[in-house]
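A, B, ... follow the sequence lines: proteins, then strands. Residue 1 opens every chain.
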There are 2 protein chains.
Amino acid sequence: MEIYKNEKRKRYLEDHSIAHLFSFPIVEFVEVREYKRDEWIIQEGMRPDFLFYVIEGKAKIYITHLNGKVSLINFINENEFVGEMELLNDVYYTKGIQATTKTVCFALPFHRCRAQLLEDVVFLRELTKFLSVKATKMAAKYSQTLAFPLENRFAEFILQTADEGVYKEKHITVCDFLGVSYRHLLHVLAQFCDKGYLQKEGRHYRIIKKSALVELAGMLRIE
Amino acid sequence: MEIYKNEKRKRYLEDHSIAHLFSFPIVEFVEVREYKRDEWIIQEGMRPDFLFYVIEGKAKIYITHLNGKVSLINFINENEFVGEMELLNDVYYTKGIQATTKTVCFALPFHRCRAQLLEDVVFLRELTKFLSVKATKMAAKYSQTLAFPLENRFAEFILQTADEGVYKEKHITVCDFLGVSYRHLLHVLAQFCDKGYLQKEGRHYRIIKKSALVELAGMLRIE
DNA sequence: TCAGAAATATGAGATATCTCATATTATTGT
DNA sequence: ACAATAATATGAGATATCTCATATTTCTGA
């Protein structure tokens, strides 16, 4: 992890102002940090001392279960908070946050900001919205997992993450995210290829029959 | 649904003050409502016009999927909000809320309160905490569902809902909540009886070997 | 550049869970 | 008090998903 200082720090703070998220001047408290790919921004079980706001990059939220299984609970993208649970709750089991790519974020130290943050209507309104979206998505994912087999959920995931019609995610990550075994994921993936929905190109998979995937994913749509 | 007026309304408002949740006088806006068991407080897909706060009783959050499956996403208890998602988000698919028992709640009309609520630091702080707990529990449930078979989750559910050592929930409700088929739930329940963890008494089940259930449920514990 | 680690692949058998069919009780409204 | 509805029960076969074992290929650090 690298902390940006002086010019570099200043540039980031100017280019990515977060002043609109607060009603008091926040800049002086902000530490600008860069995490490398695969680096842990927060370690599981270790309470962080900062509230983070992601400026650039992506990260993943992980939790490890007692039976050894690992769940990738969610992805974190730009303009999202990290560590807000610890800001709000004294008792909270801290999940692990790992940078997927190089990630730059603003870090606000709890000990200097907490009181002010919890009094700030602008910040609280932002956070409330953020949390409501988070809770809603989580509930949707949860109920979809219960109601549909992998086929449907995987189809949606492929459509969401495909880059110019090509799916390239790492299988292991996807298994953790969709909560299935490696073996089974590959099995369903092979089916998609057999049925002509996808075509393997080296390590990647080209979407051939998008409509079929759209139909499978469409089942998840709530409404 | 019955709306309490005059004396009855007044008594409820006095006995269950929610003044501490707001920094402005809220009483004049509050409608006191009673829903009967099984009545729908909010119908799925129909945006409500009120923010509810449950005073007495219990309710369930349901969502119906396109494949016809129904998920019981969560239970709602006393001193919890309902309809906060619709207060915060313009676009939101409204889930169905059904009273499990007779339920009394305070209803705040959006059109009269929304602006003030979203400016109120006390309310926002309460709501933020509520949502953070909600999101956290949802995430825990989600990842546990992916990581553990029914056996473990059902054991926990039995321990949580048992009344003086006797489990009495309706199977159908539990299936919707744990996201498994009726058949499979009964199957695991029969196993618990075979193994001597539970003993059937008419329609109910007495917990005989609590330690075994505790061990199964303990696997879910994160940490 | 080479060895170890990570990621990809595939097979085979086990288990968890689902679907459907069908009976037998409770519960409830009129 | 009775018919309709809801809830409980159980069997049997199908499917989704898991575990474990084992190869091969790619990536990465010293």
>> Counting only side-chain heavy atoms from C-beta out, which of C/dT17, D/dC18, C/dA9 sits nearest to A/Y205?
In response: C/dA9

> Which parts of residues 148-166 of chain B get close to DNA chain C, meaning a heavy atom less than 4.0 angstrom away?
Replying inline: B/P149, B/L150

>> List the residues meeting ring pair (Phe, Tyr, Trp, His ring centres under 6.0 Å) with A/F130, not counting sequence neighbours, and say none if there are none.
In response: A/F81

>> Just the rounded figure in Å: distance from P of C/dT15 to CG of A/N67.
In response: 17 Å

> Can you give one letter per nucleotide of nucleotides 21-30 of chain D, 5' to 3': B if a protein heavy atom sits under 4.0 Å from the base, S if only from the sugar-phosphate, - if neither?
Replying inline: -----S----

>> Taking the axis from the first five pairs and the axis from the last five, what angle separates them in the helix from C/dT1-D/dA30 to C/dT30-D/dA1, rounded to 10 degrees?
In response: 60°

> Looking at B/F154, B/F157, B/Y62, which one forms a ring-ring contact (aromatic ring centres under 6.0 Å, His included) with B/F177?
Replying inline: B/F157

>> Could you work out, with ring pair (Phe, Tyr, Trp, His ring centres under 6.0 Å) as the rule, every residue matching A/Y12, not counting sequence neighbours?
In response: A/Y4, A/H16

>> Please compare B/Q191 and B/K69 by the position of their nearest nucleotide in DNA chain C and report the one closer to 5'.
In response: B/Q191

> Rounding to a whole Å, what distance do you find between B/I172:CD1 and C/dT27:P?
Replying inline: 14 Å

> With sequence neighbours left out, what residues match B/F52 under ring pair (Phe, Tyr, Trp, His ring centres under 6.0 Å)?
Replying inline: none

> Rounded to whole angstrom units, what separation is found between the OH atom of A/Y182 and the P atom of D/dC20?
Replying inline: 17 Å

> When rounded to the nearest 0.5 angstrom, what is the spacing between CZ in A/F75 and CD in A/Q160?
Replying inline: 9.5 Å

> What pairs meet the side chain to side chain donor-acceptor pair (under 3.5 Å) rule with one or both residues in residues 181-204 of chain A, with sequence neighbours excluded?
Replying inline: A/E151-A/K195, A/E201-A/R206

> Whole Å only: how far is the CD atom of A/Q144 from the C1' atom of D/dA16?
Replying inline: 18 Å

> Separation of A/E169 atom CD from C/dA6 atom P, in whole Å?
Replying inline: 20 Å

>> D/dT19, OP1 or OP2 - any side-chain N/O from A/H184 closer than 4.0 Å?
In response: no

> Within this structure, what is the CG-to-C1' distance between B/D176 and D/dA7, rounded to whole angstrom?
Replying inline: 13 Å

>> Among residues at least two apart in sequence or on other chains, which ones pass salt bridge (Lys or Arg N to Asp or Glu O under 4.0 Å) with A/E78?
In response: none

> Does B/H171 have a side-chain nitrogen or oxygen under 4.0 Å from the phosphate oxygens OP1 or OP2 of D/dA9?
Replying inline: yes

> For the pair made of CG in B/L185 and C1' in D/dA7, what is the distance, rounded to whole Å?
Replying inline: 13 Å

> Expressed in angstrom and rounded to an integer, what is the separation of A/L189 atom CG from D/dT17 atom C1'?
Replying inline: 16 Å

> Taking only residues two or more places apart in sequence or in another chain, which ones pass salt bridge (Lys or Arg N to Asp or Glu O under 4.0 Å) with B/K134?
Replying inline: B/E84

>> Is the terminal nitrogen or CZ of A/R47 (NZ for Lys, CZ for Arg) located under 6.0 angstrom from the six-membered ring centre of A/F110 and within 45° of that ring's axis?
In response: no

> So which pairs with a foot in residues 101-111 of chain B pass side chain to side chain donor-acceptor pair (under 3.5 Å), sequence neighbours left out?
Replying inline: none

> Got a sec, which residues hit salt bridge (Lys or Arg N to Asp or Glu O under 4.0 Å) with B/R9, two or more places apart in sequence or on another chain?
Replying inline: none

>> Under the rule for salt bridge (Lys or Arg N to Asp or Glu O under 4.0 Å), what residues qualify as partners of A/D163, not counting sequence neighbours?
In response: A/K168

> Choosing from C/dT10, D/dC18, D/dA9, which nucleotide comes nearest the side chain of B/L186?
Replying inline: D/dA9

> At under 4.0 Å, does any side-chain N or O of A/K200 touch on OP1 or OP2 of C/dA9?
Replying inline: yes

> Which nucleotide in the list D/dT17, D/dC18, D/dT8 gets nearest to the side chain of A/H187?
Replying inline: D/dT17

